[in-house]
Chemist: 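This is the structure I want to talk about, given as structure tokens.
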Amino acid sequence: MSKKENEIVAAVLEDFAERQEKRRPIELNWRLNMNFVIGNQFAEITPRGDVEEGGRQYFWQCREVYNHIAPILETRLSKLARVKAKASVRPATPDEDDVASAEVAGKLISAVTAENDFSNLLGLANTWSEVTGCVFYKVTWDTEKGMALTGDGNLREGDVHISVCPPFEIFPENVAVSDLDAQPSIMHVKVMGTKDVKRLWGVDVDGREINVFSFENADVVGGFGYHATVPKFVSEKREDAVLVIEKYELPTDGYPDGRLIIVAGDKLVHDGILPYVNGADGKRGYPFSRQVCLDNLGSFFGSSVVERIIPVQRAYNTVKNRKHEFMNRIAMGVLAVEDGSVDTDALEEEGLPPGKILVYRQGSTPPVLINAGQVPSEFGVEEEKLLNEFVMISGVSEVTTYSQVPTNVSSGTAISLLLEQDDTRISLTADSLREAVRRIGKHIIRLYKQFASVTRMKRITGDDGEVEIVAFDANRLSSEDVVFDTVNEIDDTLSARRAMVYDLLKLGIFTDENGVMSARTKTKLLDILGFGNWEQSRDIDDAHLDKATRENLELRTKEVVPDALDDHELHISEHTKLCVSARCADNEAFHARVTKHINEHKQYSTLESGVRELQKQFGGTANEQRTNP
């Protein structure tokens with residue numbers, strides 16, 4: 001390497017060492033949280049700057065773990081799993097082209113997230129966020145994905161790649177700045193094998209041993225006379241590995257397009273501008289999206305609920321273990337023995353089993369059991385208080401954590417209020433998740449705008465399972481205002497929807513003035529109630545609704561003739577909804593085609609009504625003749 005390259009590498013390594021030292025206290029808290037979640041709850045941060053476990057002070061001490069953090073974490077993760085965060089794109093203007101562009105962009109987001117198995121990525125990210133307090137998504141352009149452009153497959157179109165970055169890999173310049181885009185620079189640091197570095201950048205680097213995290217059993221728990229092991233989070237050495245540092249710098253006067261420096265080991269493998277135009281107003285920015293469990297003022301990394309529960313968990317383990325030690329004394333007894341009266345070694349080894357012959361020295365006092373008393377009631381009171389503190393601090397009640405109603409609560413309204421409070425507390429985390437997904441959606445659209453210079457094909461799978469091929473290029477992606485078209489799924493549970501629908505049905509909201517409910521309304525209600533495939537008669541209604549939706553798309557460019565087999569009532573309802581919308585009303589030709597199509601359906605409907613009326617009349621006459629010959 002040249003002298004300038006060596007200076008760049010030295011500067012990056014020195015900067016990384018400084019950031020590592022600044023972040024060390026936060027990182028120790030993350031490691032402590034992870035140990036407590038997996039059950040190693042006698043770990044603590046030592047003055048040496050490491051996480052270690054303390055041993056027993058006495059051989060008879062009970063050191064069992066009563067893990068309440070794990071079920072609380074599982075409950076919160078199950079609630080967050082209900083947040084689908086399905087994004088849509090809002091058109092820039094009511095113009096037909098912008099509306100079509102927004103629809104294509106929304107479908108692209110759905111397709112890319114499906115290709116990257118985003119549901120599993122979201123579950124992994126939620127776990128990191130709940131345990132450590134934060135997690136990051138990285139949205140990049142992978143040149144090894146997409147359709148092959150050559151026969152050997154070495155050259156491909158490229159496509160969007162989404163990955164989850166644990167907080168251990170992210171090093172900001174200023175840990176006190178919470179806004180991701182306000183950071184002057186960010187480092188993404190990861191451990192890679194020397195072969196991967198050679199494949200990606202074509203550079204040979206010398207591998208070495210690097211500490212990474214792994215699980216190991218720790219013999220730190222157990223009761224009187226036995227031992228138990230729990231997994232612990234420790235450092236492990238990885239062979240033939242190098243540290244890869246990606247340093248992203250925002251645009252400055254010296255670097256108007258920003259800067260990306262990549263150092264692998266002690267070699268400079270890349271030095272150039274920021275690769276992605278993924279910022280606002282066509283600027284280059286970071287390829288990251290940040291998600292936190294709880295916002296922490298004055299900190300780039302959020303805080304975790306686990307961190308708040310650790311003191312309560314320690315106190316609870318202590319109370320339970322001291323309580324069991326009292327019970328051991330009561331159950332096994334404490335002997336008072338006169339010196340020299342018995343063989344204490346044998347007595348200590350065998351105890352006082354039933355039928356034991358106890359031989360003691362003549363004239364001495366026989367051994368007696370000392371009254372150990374009873375377990376103090378304060379232990380039970382303190383235990384109940386700590387259980388209540390778990391609920392208060394975590395925001396997760398007994399109803400959701402333990403799947404049982406508190407003994408002192410019998411009112412259905414009170415139970416509903418408990419569930420609502422749980423949902424309210426976790427809504428802060430859900431909002432951060434949805435904001436991260438919205439930012440990912442913007443990254444996806446902007447990456448396609450940058451790299452999809454020629455027409456590309458993307459396969460889209462709709463909610464009904466139908467596959468659609470969409471052709472697009474950068475010019476068709478003019479809209480990038482990503483929004484959410486659904487409410488927070490945490491508040492919108494299936495049972496709550498059903499209760500609301502039943503109440504509305506009793507009020508007659510879904511029927512007309514004659515008390516009749518249309519087939520389309522029945523279909524929608526079955527969807528809402530979760531009985532989408534409950535009855536076979538609904539299948540044909542779905543097919544008619546899907547056909548009407550396809551006709552709406554075709555009517556934008558050409559006339560469509562109704563089919564005699566159509567359910568004209570359903571079709572008229574769907575087409576009328578399109579006709580009164582803004583995108584149809586602003587286009588006279590489009591509006592005229594839809595209106596003509598609706599009138600043709602009405603003609604079919606009128607004709608069918610006349611036929612049914614004639615059939616009814618003739619059928620009635622024939623019946624009368626059969627009855628009165």
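Hydrogens, waters and symmetry mates play no part in the numbers below; they use all other heavy atoms, side chains included.
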Chemist: Which heavy-atom pair separates Gly285 from Asn278 by the least distance, and what is that distance?
Modeler: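 Result for this residue pair: N-OD1, 3.0 Å.
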Chemist: Strictly below 4.0 Å, N to O, side chains only: are Arg199 and Glu144 in salt-bridge contact?
Modeler: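 Salt bridge between Arg199 and Glu144, a charged N being under 4.0 Å from a carboxylate O: yes.
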Chemist: Of all heavy-atom pairs between Lys145 and Val160, which one has the smallest distance, and what is that distance?
Modeler: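 The pair with the smallest heavy-atom distance is NZ-O, 2.9 Å.
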Chemist: Between CD of Glu74 and OG1 of Thr127, what distance do you get to the nearest 0.5 Å?
Modeler: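 Answer rounded to 0.5 Å: 10.0 Å.
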Chemist: So does Glu209 get a backbone contact from the side chain of Glu239, meaning a donor-acceptor N/O pair under 3.5 Å?
Modeler: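 Not confirmed, Glu239 side chain does not pair with Glu209 backbone.
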Chemist: With no hydrogens and no angle check, is any side-chain donor or acceptor of Arg76 less than 3.5 Å from a backbone partner on Thr429?
Modeler: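 No: the side chain of Arg76 does not pair with the backbone of Thr429.
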Chemist: Does Leu433 form a side chain to side chain contact (heavy atoms under 4.5 Å, CB included) with Val437? I'd like the steps, not just the answer.
Modeler: CA-CA 6 Å; Leu433 186 157; Val437 173; 4.1 Å; yes
Chemist: Would you call Glu246 and Lys190 a salt bridge, using N to O less than 4.0 angstrom?
Modeler: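 Salt bridge flag = yes for Lys190 with Glu246.
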Chemist: Could you check if a side-chain atom of Val139 sits within less than 4.5 angstrom of a side-chain atom of Ser289, using non-hydrogen atoms only?
Modeler: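 No. Closest side-chain heavy atoms not under 4.5 Å.
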Chemist: Quick one: do Glu21 and Arg24 satisfy salt bridge (charged side-chain N to carboxylate O under 4.0 Å, His left out)? Show the steps, please.
Modeler: CA-CA 5 Å; Glu21 192 62 31; Arg24 189 177 302 279; 3.4 Å; yes
Chemist: To the nearest 0.5 angstrom, please state how far the OG1 atom of Thr194 sits from the CG atom of Asp240.
Modeler: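 Answer for the OG1-CG pair, Thr194 versus Asp240, is 3.5 Å.
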Chemist: Can you name the nearest heavy-atom pair linking Pro167 to Phe301, along with the distance?
Modeler: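 Looking at all heavy atoms of both residues, the closest pair is O-CE2, 4.2 Å.
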Chemist: Taking Ile245 as the fixed residue, which of Leu13, Ile261, Asp15 is the one that meets the side chain to side chain contact (heavy atoms under 4.5 Å, CB included) rule?
Modeler: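 The single option meeting the side chain to side chain contact (heavy atoms under 4.5 Å, CB included) with Ile245 is Leu13.
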Chemist: Between Val177 and Ala182, what is the shortest heavy-atom contact and its length?
Modeler: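 Here Val177 and Ala182 meet closest at CG1-CB, 3.8 Å.
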Chemist: How far apart are the closest heavy atoms of Gly302 and Cys134, and which atoms are they?
Modeler: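 For Gly302 and Cys134, the tightest heavy-atom pair comes out as N-CB, 3.9 Å.
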Chemist: Is a donor on one side and an acceptor on the other found under 3.5 Å between the side chain of Thr113 and the backbone of Ser110?
Modeler: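 Confirmed, Thr113 side chain pairs with Ser110 backbone.
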Chemist: I'd like to check Val305 versus Leu294 (side-chain heavy atoms, cut-off strictly below 4.5 Å). Are they in contact?
Modeler: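 Yes; the side chains approach each other to less than 4.5 Å.
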Chemist: I want to check something: taking the side chain as every heavy atom from C-beta on, are Ile72 and Ile309 in contact at a cut-off of under 4.5 Å?
Modeler: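 Yes, close enough: below the 4.5 Å cut-off.
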Chemist: Any heavy-atom pair between the side chains of Met192 and Leu243 that's under 4.5 Å?
Modeler: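 Result no, sub-4.5 Å side-chain heavy-atom pair not found.
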Chemist: With side chain to side chain contact (heavy atoms under 4.5 Å, CB included) as the criterion, how do Val263 and Val244 come out once you've worked through the C-alpha distance, each side chain's angles and the decisive distance to 0.1 Å?
Modeler: CA-CA 6 Å; Val263 175; Val244 178; over 6 Å; no
Chemist: Please determine if Lys320 forms a cation-pi arrangement with Tyr66, meaning its NZ or CZ atom is less than 6.0 Å from the six-membered ring centre and no more than 45° off the ring axis.
Modeler: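 Lys320 over Tyr66 ring: yes.
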Chemist: Under a 3.5 Å distance rule, please check whether Asp50 uses its side chain to pair with a backbone N or O of Thr46 as donor and acceptor.
Modeler: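 No, Asp50 side chain to Thr46 backbone: no donor-acceptor pair under 3.5 Å.
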Chemist: Between Arg23 (side chain) and Phe168 (backbone), is there a donor-acceptor pair under 3.5 Å?
Modeler: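 Judged by distance alone, yes, a pair lies under 3.5 Å.
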Chemist: Would Val306 and Glu130 count as a side chain to side chain contact (heavy atoms under 4.5 Å, CB included) if you check the C-alpha gap in whole Å, the side-chain angles of each, and the deciding distance to 0.1 Å?
Modeler: CA-CA 7 Å; Val306 175; Glu130 288 296 302; 5.9 Å; no
Chemist: Ignoring hydrogens and geometry, is there a side-chain-to-backbone donor-acceptor pair from Asn40 to Phe36 under 3.5 Å?
Modeler: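 Looks like no, no N/O pair under 3.5 Å.
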Chemist: Are any of the side-chain nitrogens in Arg438 or Glu435 under 4.0 Å away from the carboxylate oxygens of its partner?
Modeler: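 Looking at Glu435 together with Arg438, the answer is yes, because their closest N to O distance falls below 4.0 Å.
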Chemist: Mind checking the OG-CD1 spacing from Ser303 to Ile26? Nearest 0.5 Å is all I need.
Modeler: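 So the gap between those two atoms works out to 11.0 Å.
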Chemist: When you measure from the centre of the six-membered ring of Tyr248, is the NZ or CZ of Arg259 closer than 6.0 Å and no more than 45° off the axis?
Modeler: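 No, Arg259 and Tyr248 do not form such a contact.
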Chemist: Regarding Arg156 and Thr143, do their side chains bring together a donor and an acceptor under 3.5 Å, going by distance alone?
Modeler: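 No pair is found: no donor N or O on one side chain lies under 3.5 Å from an acceptor on the other.
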Chemist: Are Glu64 and Asn317 close enough that some pair of their side-chain heavy atoms sits under 4.5 Å apart?
Modeler: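 With C-beta onward as the side chain, the pair stays apart.
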Chemist: Quick one: does Trp30's side chain get under 4.5 Å of Trp128's, heavy atoms only?
Modeler: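 No, side chains not in contact.
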Chemist: Does Arg19 form a side-chain hydrogen bond (donor to acceptor under 3.5 Å, both in side chains) with Ser185? I'd like the steps, not just the answer.
Modeler: CA-CA 11 Å; Arg19 299 186 187 203; Ser185 65; 2.5 Å; yes
Chemist: Backbone N or O of Gln41 within a donor-acceptor pair of the Gln313 side chain at under 3.5 Å?
Modeler: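 No: the side chain of Gln313 does not pair with the backbone of Gln41.
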Chemist: Would a 4.5 Å heavy-atom cut-off, applied to side chains only, mark Phe42 and Val65 as touching?
Modeler: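 Phe42 vs Val65: side chains touch.
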Chemist: Rounded to the nearest 0.5 Å, what's the gap from CZ on Arg308 to CG on Asn33? Could you check?
Modeler: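 Reported to 0.5 Å precision, the distance equals 12.0 Å.
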Chemist: Kindly say whether Cys293 contributes a backbone atom to a donor-acceptor pair with the side chain of Ser129 at under 3.5 angstrom?
Modeler: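 Yes.
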Chemist: If you draw the axis of the six-membered ring of Tyr276, does the NZ or CZ of Arg284 fall within 45° of it and under 6.0 Å from the ring centre?
Modeler: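 Checked: cation-pi criterion not met.
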Chemist: When you measure from the side chain of Ser432 to the backbone of Leu428, do you find a donor-acceptor pair of N or O atoms at a distance under 3.5 Å?
Modeler: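 Answer holds: no.
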Chemist: With no hydrogens and no angle check, do the side chains of Tyr316 and Asn67 hold a donor and an acceptor under 3.5 Å apart?
Modeler: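 Side chains of Tyr316 and Asn67: no pair found under 3.5 Å.
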Chemist: Give the ring-plane orientation class for Phe118 versus Tyr137, where under 30° counts as parallel, over 60° as perpendicular and anything between as tilted.
Modeler: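 Ring orientation of Phe118 relative to Tyr137: tilted.
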Chemist: Flag the pair Ile162 / Lys138 as yes when at least one side-chain heavy-atom distance between them is below 4.5 Å, and no otherwise.
Modeler: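 SC-SC contact between Ile162 and Lys138 ruled out.
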Chemist: Apply the test salt bridge (charged side-chain N to carboxylate O under 4.0 Å, His left out) to residues Arg290 and Asp179: give CA-CA distance (whole Å), side-chain angles for both, the deciding distance (0.1 Å), then the verdict.
Modeler: CA-CA 9 Å; Arg290 171 176 169 265; Asp179 188 3; over 6 Å; no
Chemist: Rounded to the nearest 0.5 Å, how far apart are NE2 of His188 and CD1 of Ile170?
Modeler: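 If we round to the nearest 0.5 Å, His188:NE2 and Ile170:CD1 are 4.5 Å apart.
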Chemist: Out of curiosity, Ile69 CD1 to Glu307 CD, how far, rounded to the nearest 0.5 Å?
Modeler: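 Result: 11.0 Å between the selected atoms.
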Chemist: Please lay out, stage by stage, how Glu115 and Asp159 fare under the test side chain to side chain contact (heavy atoms under 4.5 Å, CB included).
Modeler: CA-CA 10 Å; Glu115 291 171 0; Asp159 213 331; 3.7 Å; yes
Chemist: Kindly give the heavy-atom pair with the smallest separation between Leu260 and Ile273, and that separation in Å.
Modeler: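 Scanning both residues, the minimum pair turns out to be CB-O, 3.9 Å.
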Chemist: Could you tell me how the ring of Phe300 sits relative to the ring of Phe136: parallel (under 30°), tilted (30 to 60°) or perpendicular (over 60°)?
Modeler: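 Taking Phe136 first and then Phe300, their aromatic rings lie parallel (interplane angle under 30°).
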